[in-house]
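See below for the structure under consideration.
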Amino acid sequence: QVQLVESGGGLVQAGGSLRLSCSASGRIFDIKSMGWYRQAPGKQRELVAIISGGRRNYADSVKGRFTISRDSAKNTVYLQMNSLKPEDTAVYYCNAVLVLNYGSNDANYWGQGTQVTVSS
């Protein structure tokens, strides 16, 4: 059974930092991508950062402040968030596109989300 487990959310003052982590457990043949999305109340879920095809992509709003990284040996992705702003407040969701078996189709998997709150 595949599971994505997130941690690292919390409350921080503007200008502070948080580090999110997400680990994929279970039998996994291949990881196509891992990334982070976020959703604020009343807004659509948006891509924050993703590692895919050996490259990193960021939303313009977080570029220069957030850094995504991956530990392939641990099937874990991290999001280092610096210089946090109140507008970063949202539920952050880990996403992974996984292939569970050779020859099978890839599929999206989601974590349960972790709350990030930035106070002004």
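Both Tyr109 and Ile51 belong to a common hydrophobic cluster when Ile, Leu, Val, Met, Phe, Trp and Tyr are linked at side-chain heavy-atom distances under 4.5 angstrom. In terms of hydrophobic clustering, with Ile, Leu, Val, Met, Phe, Trp and Tyr side chains grouped at heavy-atom distances under 4.5 Å, Val62 and Val12 are assigned to a common cluster. Val97 and Leu4 are assigned to two separate hydrophobic clusters, defined by single-linkage of ILVMFWY side chains at heavy-atom distances under 4.5 Å. If you chain together hydrophobic residues whose side chains sit under 4.5 Å apart, Val48 and Ile68 fall into the same group.
Note that CD of Glu46 and CZ of Arg38 are 4.5 Å apart. Values are rounded to the nearest 0.5 Å. Distance check: Lys43 NZ to Glu87 CD gives 9.0 Å after rounding to the nearest 0.5 Å. Interatomic distance, OG1 of Thr114 versus CG of Leu79, reported as 11.0 Å (0.5 Å rounding). Distance CD/Gln3 to OG/Ser25: 5.0 Å, rounded to 0.5 Å. Here CG of Leu47 is found 7.5 Å from CG of Asn57. Values are rounded to the nearest 0.5 Å. Atom OG of Ser52 sits about 9.5 Å away from atom CZ of Arg70, to the nearest 0.5 Å.
Taking the side chain as every heavy atom from C-beta outward, Met34 and Asn95 never approach each other to under 4.5 Å. Residues Leu20 and Val116 form a side-chain contact, since some pair of their non-hydrogen atoms from C-beta on lies under 4.5 Å apart. Using a 4.5 Å heavy-atom cutoff, the side chains of Val2 and Ile28 are in contact. Considering only heavy atoms from C-beta on, Thr67 stays 4.5 Å or farther from Met81 through its side chain. Between Leu98 and Asp30 there is no side-chain heavy-atom pair separated by less than 4.5 Å. Taking 4.5 Å as the limit, some side-chain heavy atom of Val77 sits within range of a side-chain heavy atom of Cys94.
Every ring pair (Phe, Tyr, Trp, His ring centres under 6.0 Å) that Tyr37 has, sequence neighbours left out, goes to Trp110. Here Arg65 pairs with Asp88 under the salt bridge (charged side-chain N to carboxylate O under 4.0 Å, His left out) rule; sequence neighbours left out.
Taking all atoms of both residues into account, the shortest heavy-atom contact from Ser7 to Ser21 is OG-OG, 2.7 Å. When all heavy atoms of Val99 and Lys32 are compared, the closest pair comes out as CG2-CE, 3.8 Å.
Other residues, nucleotides and ligands contribute more than 12 heavy atoms inside 6.0 Å of the CD atom of Gln115.
Between the side chain of Gln13 and the backbone N or O of Ser119, no donor-acceptor pair lies under 3.5 Å. The closest donor-acceptor contact from the side chain of Ser23 to the backbone of Thr76 lies at 3.5 Å or more, if one exists at all.
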Criterion side chain to side chain contact (heavy atoms under 4.5 Å, CB included) on Arg55 and Ile50, from CA distance to verdict:
CA-CA 8 Å; Arg55 299 187 181 277; Ile50 190 168; over 6 Å; no
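For residues 51-108, the pairs satisfying ring pair (Phe, Tyr, Trp, His ring centres under 6.0 Å) are Phe29-Tyr102, with sequence neighbours left out.
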